[in-house]
Amino acid sequence: MRKKIVAGNWKMNNDINQTETLIDELLAKKPEFTSAKIVIAPPFVNLTKAVEKTHGTNIIVAAQNMHQAESGAYTGEVSVNMLKAIKVNTVILGHSERRAYFGETNELLAKKVDTALQHNLTVIFCFGEELADRQSGNHFAVVESQLREGLFHIAQGQWSSVVLAYEPVWAIGTGETASPEQAQEMHAFIRNLIAENVSTSVAEETSILYGGSVKPDNAAEIFGKPDVDGGLIGGASLKANDFLEIVKGID
Ligand code: 13P
């Protein structure tokens, strides 16, 4: 049975005090009610605090990015070993905001994926089409090339450390979600691609999350689709009540 996961991508929100407060609020609501894995991804400077506060709970802390090199003259960057040293063992890679604003290409992401997996991190690999791609009917082709160029080179045995997050760019932060049917259609397409290019068992075991304007009032319907194994939540992960309402949608 593949894992159900609800992950909160805090993006560039919450300072250290707000991080503490939000985690306190999440823990006060006894997040162990769910069988799903709960992930939060605070900004780098708050990761240590987040790890400390969630120790012994069912909340996993992830980073939002990392550099592909082990170390070196890369001013402003954070390496895989720095994450591991503070007990962060999960990283989001390929978010559309990294692709759009920081020039991250499929080719670069392939390197980041390799570095993360070589160091036994779990990778939440994000991808998704832009509005123009969907309007021109190119969305399947775009998603396929993002996966082929960024991820499909990994060894079969590494897939157990990969979680996929399909996030159509036109649905991120816009209030416009993919309909549950659109999400299911794309997730089934992705699972089939994995079956054809990797193996049917990897396809069955890989969790595919949906992201893009998931809110408490639409989560259960989206998560109810057979190939949707959870969500990657932006705005609504910044409020404890909303985030945990969304988590409830998966049970
Ligand atoms: P929103 O939930 O704010 O649309 O963001 C989705 C997202 O980008 C999560 O990574």
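First listed ligand is number 1; within each ligand, the first listed atom is number 1.
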Problem - Pair Lys112-Asn65, side-chain donor/acceptor within less than 3.5 Å - result: yes
Fill in the blank from the handout: Quick note on ligand 1: atoms under 4.0 Å from a heavy atom of Gly212 include exactly 4 (O), 6 (C)
Handout entry: Polar atom proximity, Ser213 to ligand 1 (N or O, under 3.5 Å)
Key = yes
Practice task
Check whether any N or O atom of Ala236, backbone or side chain, sits under 3.5 Å from an N or O atom of ligand 1, and answer yes or no.
Solution key: no
Practice task
Start with the C-alpha gap between Trp159 and Phe152, add the side-chain angles, then the distance that decides, and say whether ring pair (Phe, Tyr, Trp, His ring centres under 6.0 Å) holds.
Solution key: CA-CA 9 Å; Trp159 276 86; Phe152 275 13; 5.7 Å; yes
Problem - ligand 1 contact on Asn9 by region, counting heavy-atom pairs under 4.0 Å - result: side chain
Exercise for the section: Return a yes/no value for Gly173: is any of its N or O atoms, backbone included, closer than 3.5 angstrom to an N or O of ligand 1? Expected result: yes
Exercise for the section: Could you note down all residue pairs passing side chain to side chain donor-acceptor pair (under 3.5 Å) where residues 227-247 supplies at least one of them, sequence neighbours left out? Expected result: Arg2-Asp229, Lys29-Asn241, Gln184-Asp227, Arg191-Asp227, Arg191-Asp229, Glu245-Lys248
Exercise for the section: Identify whether Leu147 and Val142 are in the same connected component of the hydrophobic contact network (ILVMFWY, side-chain heavy atoms under 4.5 Å). Expected result: no
Practice task
Could you tell me whether some N/O pair between Glu167 and ligand 1 is separated by less than 3.5 angstrom?
Solution key: yes
Handout entry: Any Lys11 heavy atom less than 4.0 Å from ligand 1
Key = yes
Practice task
Please name all residues satisfying salt bridge (Lys or Arg N to Asp or Glu O under 4.0 Å) with Glu129, sequence neighbours left out, ordered by chain then number.
Solution key: Arg134
Practice task
Examine the side chains of Asn106 and Arg148 and answer whether a donor and an acceptor come within less than 3.5 Å of each other.
Solution key: no
Fill in the blank from the handout: ligand 1 to Gly235, heavy atom cutoff 4.0 Å, flagged ligand atoms 1 (P), 2 (O), 3 (O)
Completion exercise
among protein heavy atoms, the one nearest atom 2 (O) of ligand 1 is Gly234 N, 2.9 Å
Problem - Contact check, Ala171 vs ligand 1, heavy-atom distance below 4.0 Å - result: yes
Practice task
Side-chain contact test, heavy atoms from C-beta onward, threshold under 4.5 Å: evaluate it for Leu232 versus Tyr210 and give yes or no.
Solution key: no
